[in-house]
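First the structure, in the form of structure tokens, and then the observations on it.
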Amino acid sequence: MNSTPSRSLLSIEGMTKSDIEEILDLTDTFDEIGRRPIPKVPALRGRTVATLFFENSTRTRLSFETAARRLSADTMSFGAGSSSLSKGESIRDTVEVIEAYGADVLVVRHPAAGIAQRIDNWTDALVVNAGDGCHEHPTQALLDAYTLRKHKGSLNGLRIAIVGDIRHSRVARSDVLAFTMLGAEVVLVAPPTLLPPSLEGWPVTISYDLDEVLPTLDVCYLLRMQNERISEGLIPSVREYTADYGLNIKRSATLPKDALICHPGPTNRGIEIEAAVASDPRSVILDQVSNGVSIRMAVLFLLLGSGRKLGAASELEGGQ
Ligand code: NCD
């Protein structure tokens, strides 16, 4: 999928518009399978998908594991807290052990930017980056693009604001690349201290004023404050942040009626989003969650079933 020699999925950077569209088109097929009474196909029988999470996760990990099982792959799960890492074993040794148990794909989340690429260099298994520090989270961007495309028909010409802690957000990085590649216009809305130190090369505009931007939007994408990555006082107080940048009921009334509200989760209700706004009919936050499974089925299938172009669900039924 990437233009790197490996077929791993490490970042949106390096992917082309048609790579992304191929995944989104295939996801429709898996979305249909997910809605069947028995949402399972034998496509990846005999293959093993390992999740290696060195950072906490609910959605990403469960959705990859669900996706793998729906494709009849075996799953293996490594959690840093309960492993021999706590006895001093290195990540490289850990990767070698998991590979020796027969993993075909390693789905990796880690607080260090660039680690998915390093692991990809160490192993013959395919690697999927499920979030590396502040760098990228490609499958989140794919599921976000899929969700927007489903609701709006296309991302072409959409005006999307990404609001909040952009500085520490791998989701923002991947989303900006994917959304703009698909023809959307992206405006980043944040206090200056929560923007990356350099935005050179980012195909975006900047605003510090959420109230001004809201009425102009097709999509308002809120980010979680990444407290675990904020080491210095970048905002005067959470209260002030919420007053200026939180999406509350009053503010959401200025958002167009057909606009969408997104959030990658987990949400800090009462900080970046008021609880009642999360249940606004314009909110597609739960759709993002369920589309996460279908997108990850498509990604796993494309990685492990490479070389096979699939146009119809019936081609999946025979398995391998
Ligand atoms: C995001 C992440 O981990 O980067 N969550 C997710 O994958 N759904 C966003 C976040 O943690 O704020």
Side-chain angles (χ1 to χ4, degrees), residues 9-13 27 51-68 77 79-81 107-116 127-148 160-179 188-190 194-196 219-231 234-235 238 241-242 245-247 260-273 277-278 283-297 299-300:
L9 176 57
L10 304 174
S11 57
I12 296 291
E13 191 174 17
T27 300
T51 51
L52 282 77
F53 277 57
F54 299 87
E55 233 186 38
N56 294 340
S57 163
T58 302
R59 293 159 190 74
T60 307
R61 181 179 193 141
L62 289 178
S63 63
F64 267 110
E65 291 175 357
T66 305
S77 176
V107 178
V108 181
R109 169 169 288 190
H110 194 282
I115 194 82
V127 177
V128 178
N129 180 7
D132 60 334
C134 304
H135 177 227
E136 277 226 37
H137 191 353
T139 58
Q140 178 72 41
L142 292 170
L143 76 88
D144 289 336
Y146 183 76
T147 304
L148 299 185
I160 304 175
I162 301 182
V163 185
D165 184 3
I166 291 147
R167 185 183 181 116
H168 301 99
S169 176
R170 52 198 177 204
V171 173
R173 269 173 191 70
S174 294
D175 272 353
V176 164
L177 293 169
F179 294 170
L188 304 180
V189 185
L194 290 182
L195 288 169
V219 179
C220 181
Y221 194 113
L222 303 161
L223 296 170
R224 181 178 67 87
M225 191 70 76
Q226 305 275 300
N227 290 316
E228 70 277 29
R229 298 186 220 286
I230 298 182
S231 48
L234 291 176
I235 48 168
V238 171
Y241 174 82
T242 302
Y245 294 98
L247 190 63
L260 302 175
I261 299 167
C262 300
H263 191 302
T267 51
N268 286 315
R269 290 182 181 226
I271 299 180
E272 68 268 0
I273 186 164
V277 176
S283 159
V284 293
I285 298 174
L286 276 176
D287 259 23
Q288 290 173 274
V289 173
S290 48
N291 291 334
V293 176
S294 311
I295 273 285
R296 285 157 181 144
M297 287 174 83
V299 164
L300 292 175

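Remember, predicted model here, so these are calculated numbers, not experimental data. Whatever order the structure lists them in is the order used to number ligands and atoms, beginning at 1.
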- Task: Answer yes or no: is there a side-chain heavy-atom contact under 4.5 Å between Val219 and Phe179?
- Result: no

- Give a yes/no verdict on whether any heavy atom in Gly131 is under 4.0 Å from an atom of ligand 1. no

- Message: Can you report which non-hydrogen protein atom sits closest to atom 8 (N) of ligand 1, along with the distance?
- Response: Pro264 O, 3.0 Å

- So is there a nitrogen or oxygen of Arg59 less than 3.5 Å from a nitrogen or oxygen in ligand 1? no

- Message: Quiz question: by atom type and distance under 3.5 Å, do the side chains of Arg61 and Ser77 form a donor-acceptor pair?
- Response: yes

- Message: Checking contacts here: is it the side chain or the backbone of Val171 that comes within 4.0 Å of ligand 1, counting heavy atoms only? Could be both or neither.
- Response: side chain

- Is it possible for you to check whether Arg109 lies under 6.0 Å from the centre of the six-membered ring of Phe53, through NZ or CZ, and within 45° of that ring's axis? no

- Nearest to atom 11 (O) of ligand 1, what protein heavy atom do you find, and at what distance? Arg224 NH2, 3.0 Å

- Query: Side chains of Val128 and Arg296: does their closest heavy-atom pair fall under 4.5 Å?
  - Reply: no

- Task: Tell me, please: is Pro266 in heavy-atom contact with ligand 1, that is, under 4.0 Å?
- Result: yes

- Task: Provide the number and element of each atom of ligand 1 under 4.0 Å from a heavy atom of His137.
- Result: 2 (C), 4 (O), 6 (C), 7 (O)

- On a heavy-atom basis, the closest approach of Ala141 and Ala178 is CB-CB, 4.0 Å

- Query: So do the side chains of Leu194 and Tyr241 get within less than 4.5 Å of each other, counting heavy atoms only?
  - Reply: yes

- Nearest protein heavy atom with distance in Å, relative to atom 3 (O) of ligand 1: Arg170 NH2, 2.9 Å

- Could you tell me which atoms of ligand 1, counted from 1 in the order shown, lie closer than 4.0 angstrom to a heavy atom of Gln226? 10 (C), 11 (O), 12 (O)

- Message: Within the 4.5 Å heavy-atom criterion, are Phe64 and Thr60 side-chain neighbours or not?
- Response: yes

- Note on the structure: among protein heavy atoms, the one nearest atom 6 (C) of ligand 1 is Gly265 O, 3.6 Å

- Query: Applying a strict 4.0 Å limit to heavy atoms, is Glu55 in contact with ligand 1?
  - Reply: no

- Task: Please report the closest heavy-atom contact between Leu177 and Glu13, naming both atoms and the distance.
- Result: CD1-N, 3.8 Å

- Query: Against heavy atoms of Gln140, which atoms of ligand 1 measure under 4.0 Å?
  - Reply: 6 (C), 7 (O), 8 (N)

